2 protein chains.
Amino acid sequence: MIDVKTLCLGVLSRGDASGYEIRKEFEDGPLSHFSDAGFGSIYPALRRLLDDGLIVMLPHNGDGRPDKKLYRITPAGRHALYQTLTRTPAPDKLRSDLMFILSFGHLLPPRHLDRIIGDRIADYRRIIATLEVEGETTLRTPGERFVEGMGLAIYRAVATYLEEHRHELVAAALMESQVA
Amino acid sequence: MIDVKTLCLGVLSRGDASGYEIRKEFEDGPLSHFSDAGFGSIYPALRRLLDDGLIVMLPHNGDGRPDKKLYRITPAGRHALYQTLTRTPAPDKLRSDLMFILSFGHLLPPRHLDRIIGDRIADYRRIIATLEVEGETTLRTPGERFVEGMGLAIYRAVATYLEEHRHELVAAALMESQVA
DNA sequence: AGGTACATGTAAGCTGTTACATGATTTT
DNA sequence: AAAATCATGTAACAGCTTACATGTACCT
């Protein structure tokens with residue numbers, strides 16, 4: 001699996017950034033839908049990358065905040081990123097809390113079940129709407145556009161599936177609760 | 001995120017099993033598509049569950065292999081599982097090696113890029129075919145059927161997206177390689 | 001004056017992975 | 001007789017999360 005160091009290298013390959021900015025990328029940026037990292041992992045990762053010579057720290061020009069540290073990827077860093085990128089990717093697992101829970105869905109209180117499914121549909125519809133707007137406004141690299149489209153396809157498939165089948169599971173839960 | 005202990009409880013809620021059998025569930029069973037755990041996590045997890053009284057070990061009847069340990073979930077274990085199941089599920093991230101790699105896809109050698117996408121399409125088509133057969137033969141709980149259908153919907157969406165858009169990304173990679 | 005956003009980092013603890021170590025049973 | 005599968009476990013390590021600790025700058 002891709003580790004935080006590689007995630008940071010990926011962000012830095014698109015331009016200089018501070019630890020804080022890298023984190024924002026994981027929250028809002030194009031990588032946000034399939035990665036996640038807090039300060040507690042980013043700062044140690046940057047330290048490691050520095051030690052390994054994969055990134056360098058830029059001398060801060062006096063005008064900005066003095067404690068902000070800008071990092072830049074080195075040629076060795078680009079090479080390391082390239083190596084990771086060309087490794088055969090591990091098969092994806094759909095690690096999902098929701099799917100685990102729903103695989104026992106028929107055992108849950110029908111109302112609760114209906115609510116968590118409904119909530120998740122709303123979440124996805126919101127994300128889809130956001131992505132659709134972003135896709136038209138924001139400029140992206142071809143890779144980012146491709147992946148964004150892929151994410152959109154997945155979110156749509158899940159939202160549609162949940163909408164079309166939720167009643168089946170809720171009905172099963174209802175039956176189950178009447179038996180007990 | 002769902003931990004291995006909960007995963008084990010989930011398997012045991014459907015019937016007694018040994019550590020080895022639980023692991024097989026994660027490899028072949030209905031949970032296999034969105035969970036993953038090796039012996040190194042399962043055995044310590046079972047120990048913890050035992051210590052916490054959430055499972056008990058059954059006395060082995062002499063006929064089987066003497067070293068096989070069968071575990072059974074206790075009422076306390078069912079309660080703990082239920083608690084986890086009714087917690088609000090964390091939002092799902094699409095943690096995916098492939099998506100990370102493809103977000104830099106335009107920078108990769110076009111042939112390599114085309115191959116990894118093609119391989120992944122083949123992987124998914126194979127999984128889809130297997131699930132379609134299983135769905136008709138194997139008996140499942142309503143929850144499992146629901147989740148299996150959801151997995152199928154996702155795999156189909158991804159496979160179709162990759163088939164329909166791979167040429168765009170490969171074309172971008174080709175342009176990029178000619179510029180350099 | 002207070003709140004929010006910016007900004008960096010450390011330490012403890014938890015979890016999980018990988019590799020190792022062992023041995024029985026079944027199939028070929 | 002060898003290979004595969006069944007079967008359990010430990011130890012070292014890697015990695016991430018959470019909570020803590022600190023301080024600045026801007027906006028209202």
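This one's a predicted model, so the numbers in the text were calculated from it and none came from an experiment. Here is how names work: the chains are called A, B, and so on, in the same order as the sequence lines, proteins then strands, and each is numbered from 1. Basis for what follows: all heavy atoms, side chains included, without hydrogens, waters or symmetry-related copies.
- Regarding contacts with the backbone of C:dT10, a side-chain N or O of A:R47 is found under 4.0 angstrom from either OP1 or OP2.
- Of the residues near DNA chain D, A:R48 and B:G19, the one whose nearest nucleotide (by heavy atom distance) lies more toward the 5' end is B:G19.
- Following rounding to the nearest Å, A:Y43 (OH) and D:dT17 (C1') show an atom-to-atom distance of 16 Å.
- Regarding B:D51, its CG atom lies at a distance of 15 Å from the C1' atom of D:dG9, rounded to whole Å.
- Heavy atoms of B:Y71 sit under 4.0 angstrom from primed sugar atoms or phosphate atoms, though from no base atom.
- One hydrophobic cluster holds both B:Y82 and B:V11 under the rule that ILVMFWY side chains link at heavy-atom gaps under 4.5 Å.
- Annotation: B:Y161 is in aromatic contact with A:F146 [ring centroid separation under 6.0 Å].
- The interatomic distance linking A:Y20 (OH) with D:dA25 (C1') rounds to 12 Å, in whole Å.
- Among the nucleotides D:dA7, D:dC16, C:dT8, the one closest to the side chain of A:S41 is D:dC16.
- Rounded to whole angstrom, the span from the CD1 atom of B:I2 across to the P atom of C:dC14 amounts to 19 Å.
- Regarding A:K24, its NZ atom lies at a distance of 9 Å from the C1' atom of C:dC6, rounded to whole Å.
- For the pair A:F39 CZ and D:dA21 P, the interatomic distance rounds to 18 Å; values are reported in whole Å.
- As a whole-Å value, the separation of A:D52 CG from D:dA14 P is 13 Å.
- Between A:K69 atom NZ and C:dC6 atom C1' there is a gap of 15 Å when expressed in whole angstrom units.
- In this structure, A:R111 does not pair ionically with A:D114, as no charged nitrogen and carboxylate oxygen lie closer than 4.0 Å.
- Using a cut-off of 4.0 Å between Lys/Arg side-chain N and Asp/Glu carboxylate O, B:R14 and B:E25 are scored as salt-bridged.
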